[in-house]
Protein chains: 4
Amino acid sequence: MSATDNYRQNKKDQIVKAAAVVFAASGYSGAVIADIAIQARIGKGTVYEYFDSKEDLFFAVFEWYQKKTEKAAIDGIASCGDGASERLKALNESLMGLWAEIKDVFMLVMEFWSASSSTRMRQRFKAAFKQIYDEYRHSVCGLIQEGIDGGEFHPDVKPDAVAAALVGTWDALFLQAWFDDHFDPAKTARDFLVTVIRGLLNKA
Amino acid sequence: MSATDNYRQNKKDQIVKAAAVVFAASGYSGAVIADIAIQARIGKGTVYEYFDSKEDLFFAVFEWYQKKTEKAAIDGIASCGDGASERLKALNESLMGLWAEIKDVFMLVMEFWSASSSTRMRQRFKAAFKQIYDEYRHSVCGLIQEGIDGGEFHPDVKPDAVAAALVGTWDALFLQAWFDDHFDPAKTARDFLVTVIRGLLNKA
Amino acid sequence: MSATDNYRQNKKDQIVKAAAVVFAASGYSGAVIADIAIQARIGKGTVYEYFDSKEDLFFAVFEWYQKKTEKAAIDGIASCGDGASERLKALNESLMGLWAEIKDVFMLVMEFWSASSSTRMRQRFKAAFKQIYDEYRHSVCGLIQEGIDGGEFHPDVKPDAVAAALVGTWDALFLQAWFDDHFDPAKTARDFLVTVIRGLLNKA
Amino acid sequence: MSATDNYRQNKKDQIVKAAAVVFAASGYSGAVIADIAIQARIGKGTVYEYFDSKEDLFFAVFEWYQKKTEKAAIDGIASCGDGASERLKALNESLMGLWAEIKDVFMLVMEFWSASSSTRMRQRFKAAFKQIYDEYRHSVCGLIQEGIDGGEFHPDVKPDAVAAALVGTWDALFLQAWFDDHFDPAKTARDFLVTVIRGLLNKA
DNA sequence: TATGAATGAGTCTTCATTCAT
DNA sequence: CATGAATGAAGACTCATTCAT
C-alpha cells in the first residue's frame, strides 16, 4: 500500500467515524452532509472526494459498524469453555457486554434496518443483513450441534431454530433496552439462558 | 357520533390506510404526501384537512398498525389451553400466524423503530414503544407466572426475563424473515419453543 | 329596499366588521378567510355569497372604515367657532379625539396604505386615497381661506400648503403614537397648532 | 476584514438591493424569493446562503433603506445656517430633496409600516421605528431649542411638539405625493414652513 | 487535494376558492 | 341561502451535489 493510499484510508476512516456520530444522532434522512463535514473537521466538498454519495457513505458506516461488532461475536463463539453450555454462556456475556459500548450508537442499527426498506438502498442492505444473519446463525448453530453431538444437549433439539431464536433474542433485548432505560438486557439474557440451557440439556 | 363525525372518521381511516401503503413502500422520509393523496384518491390538500402534518399522519399509521396487531396478541394470550405450556404454544401460533398478513407492511415496523431515533419524533414513538413492550411483557410474564404458581413450571424460572426474551424473539424472527425469504419464522418459533418449554417445565 | 336586500345588507356589515377585526390583527396577507368566517360566526363559504374575493372584502372594509372616520372630520370642519383659528382648533380636537377609538384598528390604515403598493390592488386604493386626501385638503384649505378672506389670517399664507401639511401632520402623529405608547398625539397636535396659528395670524 | 468576508458582504448587498426592488414592486407578501434571486442574477438557494429567511432579508432591506435615508437627515441637521430658522429651512430642503430619489421605493416605507403590524415581525420593526422616530424628533427638537435659547424663537414654543409634528409632516407629505403625482411635497413643505417659522419667531 | 459558494430539484404546507348538499 | 369538505396552485425553504479556485 502506497503512502497516498494510506493517507486516503485514514481520511476515509475519519469521515466514516464522523458520519457514524451524525447518522446516529439524526438518522439517515435527518443527517446533513454539512454536519458530517463539520464533525470530521473537513470541508463539505471533501466528503465527495472520498465517497460518491450520501448513500455510499452510509453503507460505509454500516460496514464499519459491522466490523466493529462482529469481533465480539467471533471472540464469544471462539471462547473455549467447559462444554457447549458454558460456551453459550460465554457468548452471551460477550455479546451483552457490548451494550454499554454501543448504546449510544444503537440508533444506527435501527437506521440500518430501516434502510433495508428504502427502495433505493434495499438491495445492498438486505443482502448484507441476510449474510450477516446467516453467519451468526451458522456459528451459533454449530455450537449447539457440538453440544448435541457430544451428548450434552438433547438429540431432539433443533439447532437451526435455537440458533436463530437466540441470535434474534440478543438483538431484540437491545431493542427493548433502547426503549426503556430501566431494562437490563444483560441480566435478562442471562436469566433467560438458564431456562434455555435447561431445555437443551440431555438429562438422560 | 354524528353522521359528520362518522364521515370524517371513515375518511381518516382511508387516508391512514393509503399512508400505510406508501410509508411501507418508501419509508417515512421517502414517502411523499402527494403520493399518499393519490393512493387515497383524494387531493393533496385534503390530507391536511385530516392531519396536521406528515408526522401526525405517520403516528396515526403507527397507532392503526398497533391496534391491528395487538388483537392477535390479545387473542393469543386469552386463548384457553390445557396448562401454561399449551397456552404459550397457542400464543406463539397466534402471533406467528400474523406473518403472512403483515409481511408486506413489516417495513412499517422498522420505520417505527427508526422513528424513535429521529430527534423530532423520538418522544412520541419511544414512549409508545415502551408502553407497548411493557404490556406485552407483562401479559406473557403473567402467563408464565401462572405456570409457576400451578406447579407446571419450575420455581427457579425468572418469568420477567423469559417473557422479555420471548417477546423479543418473536419480533426478531420476523426481522430475520424480512431479510431472508427462505426463513420460516413460524416453524423456527415452534421448534425453539419446544426447547424453551422443556426448560420451563418442572420435572420433579 | 326589499326585506331581502335589507337582510343581505346586515349580513354584509356583519362580515365587514368581522373582517376588520381580523385584518387589523393579522394584516391583509396574514388574515385567513376561515378566521373571518369564524369571527363573523358564519360558514366559510358564506363569505363568498356576499363578496367575490378576499380583495373585494378588504376594499369593503376600507370603505367601511373610511365612512366611519370621515364623520369626525366633517363634524370638526362643520363646527362653528369664533373665527378660523377657533374652528381649526375644534377640527384638531375632533380628529385627535378619534385616537382612543381607532388605536386598536390603526393597523388597518397601514394595511390600506400598504395595499396601495400591492400590484393587484394598487388601482383601487391609490385612486381612493387620492380622492380622500383631495377632499380633506380641500376642506381644510377652505377653512384657512376663510381666515385669510376675513382678515384673520395673513394674506401671504399659502392655504393649499398649510392644509396639506396639517392633514399630513394628523396622520403622522397617529403613526408615531402607534410606534410609541408614551407618545400623546392629541397634546402634541394641540401644542403644535398654537405655533401654527401664531404663524397664520395677521398681526397687522 | 478578510477577502472572503468582503466577498460575502458585497454579495449580501447585491441581494439586498435586488430584494428592495422586488419588495417595492410587489410588497412583502407578494414578493417571491425566486424573483429576488432572478433580480440578483443568482440561484434561489443562494439567497438562503446569506439570509436565514424571507423575514430576515426584509429586515435587512429595512436597515439598508434606513442607512440610506438617514444620511440626508444628518446632513440637513448638521448644516450650518444663519440662525435656527435658516437651519430648519436647510433641513427641510435636504429631506425634501430625497423625494426624487426615493419616489420609486417609497412603497417600501409603507411596507415597513405595515410590517409593524404583522404579528411575526412586529417586535423588530416597531422597536426600530420607535428608535428612529425618537432620534429624528430629538434632533429637530434640539434645533428648535437652540432657537428658543438664542432668543430667535418665542419662549412659549413647545419644542417637542413642533419637532414631532414637523417630522411627521415630512413623512406625510411624501405619503400624499405617493398617492397623487401632481402633488409637490417639496414646494408644499417650503410654503408651510414659512408659516411655521412665522409662528416660531419671537417678534418682541 | 481541499474547499465552500452556488445551485435547483424536490417537499411540505397553506389557503383562496368552488360546489355539492 | 348556508355550509364546509375538497382542491391544487403557489411558495418558502432544504440540502445533496457540483465545480471553479
Side-chain angles (χ1 to χ4, degrees), chain A residues 4 7-8 11 15 28-38 40-58, chain B residues 3-4 7-8 11 15 29-38 40-57, chain C residues 4 7-8 11 15 28-38 40-58, chain D residues 3-4 7-8 11 15 26 29-38 40-58:
Chain A
T4 302
Y7 176 82
R8 282 188 66 86
K11 204 92 184 203
I15 295 171
Y28 175 75
S29 288
V32 172
I33 296 289
D35 288 345
I36 293 172
I38 290 169
R41 296 168 189 280
I42 58 173
K44 211 187 332 165
T46 310
V47 174
Y48 286 87
E49 294 290 326
Y50 293 87
F51 298 93
D52 285 342
S53 68
K54 192 183 180 185
E55 283 182 16
D56 279 358
L57 175 54
F58 188 56
Chain B
T4 301
Y7 177 83
R8 284 188 68 86
K11 203 89 187 201
I15 295 171
S29 289
V32 172
I33 295 290
D35 288 344
I36 293 173
I38 289 168
R41 296 168 189 281
I42 58 175
K44 198 169 13 130
T46 308
V47 174
Y48 286 89
E49 293 289 324
Y50 293 86
F51 298 93
D52 284 344
S53 66
K54 193 183 177 185
E55 280 184 17
D56 278 359
L57 175 53
Chain C
T4 302
Y7 176 82
R8 282 188 67 87
K11 205 92 185 202
I15 296 171
Y28 175 75
S29 288
V32 172
I33 295 289
D35 288 345
I36 292 173
I38 289 169
R41 296 166 190 282
I42 57 173
K44 209 186 337 163
T46 310
V47 174
Y48 286 86
E49 294 291 325
Y50 293 86
F51 299 93
D52 285 343
S53 69
K54 192 184 180 186
E55 283 184 15
D56 279 358
L57 175 55
F58 188 57
Chain D
T4 301
Y7 177 84
R8 283 188 69 85
K11 204 89 188 202
I15 296 171
S26 318
S29 289
V32 173
I33 295 289
D35 288 345
I36 293 173
I38 289 169
R41 295 168 189 282
I42 58 175
K44 199 175 8 137
T46 308
V47 174
Y48 287 90
E49 293 288 323
Y50 292 87
F51 298 93
D52 286 342
S53 66
K54 193 183 178 186
E55 281 185 16
D56 278 1
L57 175 53
F58 188 56

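Residue numbering restarts at 1 for every chain, and letters A, B, ... go by the order of the sequence lines.
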Nearest-nucleotide comparison on DNA chain E, the residue closer to the 5′ end among A:R41 and D:V47: A:R41
Outermost DNA chain F nucleotides near chain A [under 4.0 Å, heavy atoms]: F:dA16 to F:dT18
Rounded distance [0.5 Å steps], CD1 in A:I15 versus CZ in A:R41: 14.0 Å
B:Y48: partners by side-chain contact (heavy atoms from CB on, under 4.5 Å), with sequence neighbours left out: B:I33
side-chain hydrogen bond (donor to acceptor under 3.5 Å, both in side chains) partners for C:T46, two or more places apart: none
Touch class at under 4.0 angstrom, heavy-atom based, for A:F51 against every strand present: nothing
Which residues share a ring pair (Phe, Tyr, Trp, His ring centres under 6.0 Å) with B:F51, sequence neighbours left out: none
Distance test, side-chain N/O of D:R8 to OP1/OP2 of E:dG4, below 4.0 Å: no
side-chain hydrogen bond (donor to acceptor under 3.5 Å, both in side chains) against D:S26, all qualifying residues, sequence neighbours excluded: none
Separation of A:Y50 OH from A:D56 CG (nearest 0.5 Å): 15.5 Å
Bracket notation of DNA chain E in which parentheses pair within the strand, [ ] cross earlier pairs, and | pairs with another strand (Watson-Crick or G-U, under 3.5 Å): .||||||||||||||||||||
Value rounded to 0.5 Å, distance of CG in A:D35 from NZ in A:K44: 10.5 Å
Could I get a table of every N or O pair under 3.5 Å where one atom is in the protein and the other is in nucleotides 10-13 of chain E?
residue : atom : partner : partner atom : Å
E:dG10  : O6   : D:K44   : NZ           : 3.1
E:dC12  : OP1  : B:A31   : O            : 3.2
E:dC12  : OP1  : B:K54   : NZ           : 2.9
E:dC12  : OP2  : B:I33   : N            : 3.2
E:dT13  : OP2  : B:Y48   : OH           : 2.7
E:dT13  : OP2  : B:K54   : N            : 3.0
E:dT13  : O4   : B:K44   : NZ           : 3.3

Reported CG-to-CD1 distance for the pair D:L57 and D:I36, which is rounded to 0.5 angstrom: 5.0 Å
Most 5' of C:I42 and A:G45 on DNA chain F, judged by nearest nucleotide: C:I42
Spacing of NZ belonging to A:K54 relative to OH belonging to A:Y28, to within rounding of 0.5 Å: 5.0 Å
Sugar-phosphate only, base, or nothing, as touched by A:Y50 at under 4.0 Å among non-hydrogen atoms: sugar-phosphate
All salt bridge (Lys or Arg N to Asp or Glu O under 4.0 Å) counterparts of B:E49, not counting sequence neighbours: none
